[in-house]
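See structure below.
Here is the naming used below: chain letters follow the sequence lines, and residue numbers restart at 1 for every chain. Worth saying up front: this structure is predicted, and the values here are computed from it rather than measured.
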Amino acid sequence: MSATGYNFAYLDPQTKRMIRRALLKAVAIPGYQVPFGSREMPLPYGWGTGGIQVTASVLGRDDVLKVIDQGSDDTVNAVNIRRFFARTADVATTDRTAEATVIQTRHRIPEAPLAEGQIMVYQVPEPEPMRRLEPREAVTRTLHALADYGFMHVKLYEDIARYGHIATTYDYPVMVNGRYLMSPSPIPKFDNPKLHRSPALQLFGAGREKRVYAVPPYTRVESLDFEDHPFSVQRWDEPCALCGADDSFLDEVVLDDAGGRMFVCSDSEYCASRQHAGHTGPAHRAQRGSLAAARAGEVGIEQGKPVPASNDTASARLGRGPASS
Amino acid sequence: MYVAVKGGETAILNAGTLLAQARRGDPAVSEVSVAQIAGQLRLGVARVMAEGSLYDEELAALALKQAAGDQVEAIFLLRAYRTTLPRFGYSQPLDTARMAVRRRISATFKELPGGQVLGPTYDYTQRLLDFSLLAGGEAPVVAEAAQPLPEHLPRGIDLLGEEGLIEPELPPPGDPAPADLSREPLSFPAGRATRLQNLARGDEGFLLALGYSTQRGYSHTHPFAGEIRMGEVALEVVPEELGFAIQIGEITVTECQMVNQFAGSSTTPPQFTRGYGLAFGEAERKTMAMALVDRALRCAELGEEPAAPAQQAEFVLSHSDNVEAGGFVQHLKLPHYVDFQSELELVRRMRAAIASAQPAQEQTA
C-alpha cells in the first residue's frame with residue numbers, strides 16, 4: 001500500500017496477477033482475444049479502463065510512462081490517466097516517446113519509431129473486429145475459431161463495389177501472424193503499417209468488453225486488402241504548418257469561420273521535437289495573423305506526394321502472394 | 001502561434017473545484033448529512049446498493065451525496081470502490097422463506113397462510129403532492145399489530161408446487177458453484193444463475209422497459225405476481241476453521257416470484273413456470289421487471305422461439321449494466337479528432353470523385 005491508501009498502481013496484487021496471466025496467454029496466441037475479469041476502475045468504462053488495467057498490471061516502479069490521446073500528451077483524458085498513475089504508482093512520466101518504457105495510447109501510434117523493450121498499451125473500445133457485422137459474441141468466437149473471415153472480406157469487397165475503394169479509415173482490420181483477425185483499436189489506418197513487425201510489445205485492453213489481446217515484438221500484422229485494391233494510407237496535400245513534417249498524421253485545425261484552416265501534427269511531441277530541432281512549417285514562414293494565407297500553395301513540397309511508409313509495409317494479399325507495392 | 005486545443009491539468013483541477021461548489025449548493029442552506037440521506041432517502045440508497053453490488057447504506061448514501069443525487073454516478077462510485085475490497089468468501093444461500101417480512105403480497109391468491117402484508121408501500125397512496133412536507137413534520141406514530149407474524153412464512157407459489165401445477169425450482173444437476181460476474185467475464189451461452197446475477201445489478205430503467213415490452217406483445221409470458229416479499233434475511237457464512245454456519249448480519253431484500261403460463265410440450269404436461277427477481281433493499285419495481293425478463297430469457301429452455309429483444313440473452317445481458325453503458329455512451333465526449341479527420345478526408349475525396357465523375361483513387365503505400 002502506498003501513502004494514497006491504495007495499492008501500487010491501484011489494482012490489488014491478485015487482480016494484477018490475473019490480468020498478467022491473461023496477457024501471457026494473449027502474447028502466446030497473437031491477435032486472440034483473451035477474456036479476463038475486468039474490474040470497475042475509478043475512471044468510466046469507455047474512457048480507457050482496459051488500457052489502464054493493462055498498464056497497471058505491467059507497470060513497475062522504474063518504468064517511465066507516456067500517455068497520449070489523439071497523439072497528444074496534453075488532451076484532457078491523457079492528462080487525467082497520467083495523473084492517475086502519477087498519483088497511485090508514483091512513476092516517472094514523460095512526453096518523449098524515446099524515453100518512455102510504457103506508452104498508453106488512445107487512437108494513435110507515435111510517429112517516432114518504437115524500440116525493443118518498450119510496451120505499447122492500446123485502449124480498445126470494441127475488441128471484436130466483426131462486431132458491426134455480427135453482434136453476437138457466441139457467433140464471432142466461433143468464426144475466429146474456424147478462422148472464417150469471409151464476412152469481413154465481403155464487407156471490404158462491397159465497399160469497393162459501391163465506392164471504388166475500401167471506405168474504412170480507422171480501426172482498419174488486420175490479420176495477426178496470419179491467423180487471427182484483429183481490431184487495431186481506432187487508430188487511423190495511417191498507423192497500421194507501424195504495427196507490423198514492431199520491435200515493441202503491443203498490448204491491447206478492452207475493459208468494458210473484458211478482453212485483452214497482444215501483438216508480440218516482430219509479429220506479422222497485415223492490413224486486409226485485395227490484389228487489385230492494395231492497402232493504402234491517408235495523405236495530405238500540405239505538410240504540418242508548424243514543423244513542416246510531411247510524414248506524420250495531420251489534424252485539421254479550423255482557424256476562423258471563413259474557411260481558414262491549417263494542418264498540424266497530431267503527435268504533439270513529434271511536432272515539438274522537430275520544431276526544437278529547427279524545422280519550421282508554412283505557418284512560421286507566414287507572418288503572425290495571416291495563417292490562413294499560409295495554407296495552400298506556398299508549401300514547399302510537391303503536391304500529392306505520397307506519405308512515405310515503411311519499406312516493410314504490411315499489405316496482406318489475403319494469402320495470394322507477396323505484396324506488390 | 002497556434003497552440004493545439006489542450007485541456008491542461010489546471011483546467012481539470014478547476015473543473016473539479018467547480019463541481020464541488022455546485023454539489024454543495026447555496027452555503028446559506030445547511031449541508032445534507034450522509035445519515036440524513038441514508039435515513040430519509042432510503043429507496044435511492046437501496047438502488048445504489050443494488051446496482052452498485054455493495055450492501056452498505058452509509059457508503060451508498062455517501063456516493064449519492066458526492067454524486068449530487070445522480071443515481072447512475074453514485075452506482076459507479078460505489079462499484080469503483082467495491083473493486084478495491086478484498087474478497088473473504090461467499091455466504092450461504094439466503095433463505096427468503098425465513099425472512100422477517102415487512103411486506104408480502106400475492107396477486108394470485110386472495111388469502112394465503114400468513115396473510116397479505118402491505119407494509120410501507122406507495123401502492124395505495126393518492127399521488128398528491130404533500131405540501132405539509134415543505135414545512136417538515138412530526139414523525140408519525142405507528143400502531144403495533146395485535147400479534148406478530150409467524151417466523152416462517154412459506155412462499156405463496158410453493159402451494160402450487162404441492163399439486164405439481166408449477167415447475168419445481170431445483171438446483172441444476174450436480175449443484176455447481178455459480179459464476180461470479182464481478183470476478184469473471186460474462187460468456188455465452190450464460191446459465192440462469194449467471195443471467196440472474198447480471199439482472200440483479202442491471203439498470204432498473206433498462207429492465208423496466210424490457211419487462212414492459214414483454215407485456216406489450218414482444219414475447220408475452222402471461223405473468224402473474226405470484227408473490228412479492230420484502231424484509232430482512234439473515235446472512236450466514238461457514239468459516240473454514242469452524243465448519244458450521246454462523247450469522248454475520250442481516251440485509252434487506254425484495255424478492256419477486258412471477259407465475260407464468262406454459263402450454264406444455266410433448267414431454268411435459270401444461271404447468272406454470274417461474275420468473276425470479278431479487279434485489280437489495282426495497283426494490284419492488286426492479287424485482288418485478290427482473291422476474292419478467294428472467295422468464296423471457298428462459299425461452300430456449302422452454303422451447304419458445306426467441307424473437308423479441310427481451311428473449312435475446314446477448315442483447316439483454318450485454319447492455320444491462322449502467323456503469324458500462326453510461327461510460328461508453330459518454331465516451332463520445334472524448335476527443336475523436338483523429339478518427340474524424342480520417343473520415344473527413346475520405347468524404348472529401350469521395351465528393352471530389354463524384355464531382356469529377358472519376359472513381360476515387362488513393363495513393364498506395
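- Remark: F206(B) CZ is packed, more than 12 non-hydrogen atoms of other residues, nucleotides or ligands lying under 6.0 Å away.
- Scanning all heavy atoms of the two residues, the minimum distance from T84(B) to Y10(A) falls at CG2-OH, 3.2 Å.
- Looking at A78(A), there are no atoms closer than 4.5 Å to chain B (heavy atoms on both sides), in backbone or side chain.
- Using a 4.5 Å cut-off between heavy atoms, P135(A) touches chain B through its backbone atoms (N, CA, C, O) alone.
- Between A80(B) and P42(A), the shortest heavy-atom distance links the atoms CB-CA, 3.9 Å.
- More than 12 heavy atoms of other shown residues, nucleotides or ligands fall within 6.0 angstrom of atom CZ in R131(A).
- Annotation: the span from F76(B) atom CZ to Y45(A) atom OH amounts to 8.5 Å, rounded to 0.5 Å.
- Under the 4.5 Å side-chain criterion, counting only non-hydrogen atoms from C-beta, H165(A) is in contact with M350(B).
- For R83(A), the part sitting under 4.5 Å from any heavy atom of chain B is the side chain, from C-beta outward, and nothing else.
- With respect to chain A, the highest number of heavy-atom pairs below 4.5 Å among T83(B), L346(B), L334(B), L77(B) belongs to L334(B).
- E58(B) CD: 12 or fewer foreign heavy atoms inside a 6.0 Å radius.
- Heavy-atom distances place the side chain of L344(B), and not its backbone, under 4.5 Å from chain A.
- You'll find the side chain of Q341(B) reaches within 4.5 Å of the side chain of W236(A), heavy atoms only.
- In this structure, chain A has a heavy atom under 4.5 Å from the side chain of R348(B), while its backbone stays farther away.
- For R24(B), the salt bridge (charged side-chain N to carboxylate O under 4.0 Å, His left out) partners at least two apart in sequence or on another chain are E31(B).
- For a residue to count as touching a neighbouring chain, one of its non-hydrogen atoms must lie under 4.5 Å from one of that chain's; by this rule L11(A) does not touch chain B.
- Within a 6.0 Å sphere centred on CZ of R141(A), other residues, nucleotides and ligands contribute more than 12 heavy atoms.
- Atom CD in E324(B) sits 8.0 Å away from atom OG in S38(A) (nearest 0.5 Å).
- For the salt bridge (charged side-chain N to carboxylate O under 4.0 Å, His left out) condition, the pairs that include at least one residue of residues 71-85 of chain B, sequence neighbours left out, are E40(A)-R79(B), R79(B)-D321(B).
- With a 6.0 Å radius and a threshold of 12 heavy atoms from other residues, nucleotides or ligands, Y81(B) has its OH atom at or below the threshold.
- K333(B) and W47(A) make their closest contact through CE-CZ2, 4.1 Å (heavy atoms, listed as atom of the first residue, atom of the second, distance).
- Near-neighbour residues of residues 300-316 of chain B relative to chain A, defined by a heavy atom under 4.5 Å from a heavy atom of that chain, comprise E314(B).
- Contact of D69(A) with chain B is made through the side chain alone, with heavy-atom distances under 4.5 Å.
- With a 4.5 Å cut-off on non-hydrogen atoms, R39(A) touches chain B through its backbone and its side chain both.
- Interatomic distance, D339(B) CG to Q70(A) CD, rounded to the nearest 0.5 Å: 6.5 Å.
- Heavy atoms closer than 4.5 Å to chain B are found in the backbone of F36(A), but not in its side chain.
- At a cut-off of 3.5 Å, with distance as the only test, a side-chain donor of Q234(A) or S342(B) sits close to an acceptor on the other residue.
- Using a 4.5 Å cut-off between heavy atoms, S318(B) does not touch chain A at all.
- The greatest number of non-hydrogen atom pairs below 4.5 Å with chain B, out of K210(A), H229(A), H107(A), is found for H107(A).
- Among D251(A), N77(A), D12(A), the residue with the largest count of heavy-atom pairs under 4.5 Å with chain B is D251(A).
- By the ring pair (Phe, Tyr, Trp, His ring centres under 6.0 Å) test, Y172(A) pairs with F231(A), sequence neighbours left out.
- Between H331(B) and R106(A), the side chains place no donor N or O within less than 3.5 Å of an acceptor N or O (distance only, hydrogens not considered).
- In this structure, A138(A) and F188(B) approach most closely via the heavy-atom pair CB-CB, 4.4 Å.
- Residue L85(B): no heavy atom, backbone or side chain, is found under 4.5 Å from chain A.
- Within the model, atoms CZ of F340(B) and CD of E252(A) stand 8.5 Å from one another, a figure rounded to the nearest 0.5 Å.
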